[in-house]
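Given the structure is predicted, the values throughout are model-derived calculations rather than measurements.
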Amino acid sequence: MNEITGACAALASLMALTGWARTVSTRAWGDGTGASGRAFAMALATLVLQALAATTAAGLAAGLALVVAAWMVLGWLLVLSMNQWPTASLQWARRLGALGGTGCVLALAWQLVRA
């Protein structure tokens, strides 16, 4: 269960990364006119959700390290895929981000029910 929760916590960063990429001026997705306040709030909420799920699964230090690493690695991979396959990468990043966020919520709910 902890491995699945960790994977979901890592994938959840794609929710915020796609939202942020839509607001900034990028060649593939954004035009720079988006609501950056909304994207910042979504990024902050995603970060809190990830941190809660990852720390309940792996402990404080490992959970926070997982979240930071997920943002760096998946952000880098998202930028690479955005430049190669903009439409497909947007669709899959949203799907995987939603899957990860849902997994985080379910893992936290499971921890509350189990406790």
What are the two closest non-hydrogen atoms of [X] and [Y], and how far apart are they?
| X | Y | answer |
| --- | --- | --- |
| Thr18 | Ala93 | CG2-CB, 3.2 Å |
| Ala12 | Cys104 | CB-SG, 4.2 Å |
| Ser89 | Pro86 | OG-O, 3.2 Å |
| Leu14 | Leu96 | CD1-CB, 3.8 Å |
| Met42 | Met15 | CE-O, 3.2 Å |

Review point. Are Val79 and Asn83 close enough, and set up right, to give a side chain to side chain contact (heavy atoms under 4.5 Å, CB included), and what steps lead you there?
Key: CA-CA 6 Å; Val79 169; Asn83 290 325; 4.0 Å; yes
Can you tell if the side chain of [X] reaches within under 4.5 Å of the side chain of [Y], non-hydrogen atoms only?
| X | Y | result |
| --- | --- | --- |
| Phe40 | Thr23 | no |
| Leu108 | Leu49 | yes |
| Leu80 | Gln84 | no |
| Trp85 | Leu90 | no |

What's the spacing between [X] [atom1] and [Y] [atom2] if we round to 0.5 Å?
| X | Y | atom1 | atom2 | result |
| --- | --- | --- | --- | --- |
| Leu11 | Arg95 | CG | CZ | 14.0 Å |
| Met72 | Ser13 | CE | OG | 11.0 Å |
| Trp110 | Thr5 | CH2 | OG1 | 11.0 Å |
| Ser81 | Leu74 | OG | CG | 10.0 Å |
| Leu17 | Arg94 | CG | CZ | 13.0 Å |
| Trp71 | Thr46 | CH2 | OG1 | 6.0 Å |

Check your understanding: Donor-acceptor pair, Gln50 side chain versus Ala9 backbone, under 3.5 Å?
Key ->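 Side chain of Gln50 to backbone of Ala9: a pair is present.
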Point to revise | N/O donor-acceptor pair under 3.5 Å between Asn2 side chain and Ala58 backbone | key: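 Not a single qualifying donor-acceptor pair exists.
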Point to revise | Option passing side-chain contact (heavy atoms from CB on, under 4.5 Å) with Thr102 (candidates Leu106, Leu99, Val105) | key: Leu106
Is there a chain of hydrophobic side chains (I, L, V, M, F, W, Y, each step under 4.5 Å between heavy atoms) that links [X] to [Y]?
| X | Y | answer |
| --- | --- | --- |
| Val113 | Ile4 | no |
| Leu77 | Leu66 | no |
| Leu60 | Leu52 | no |

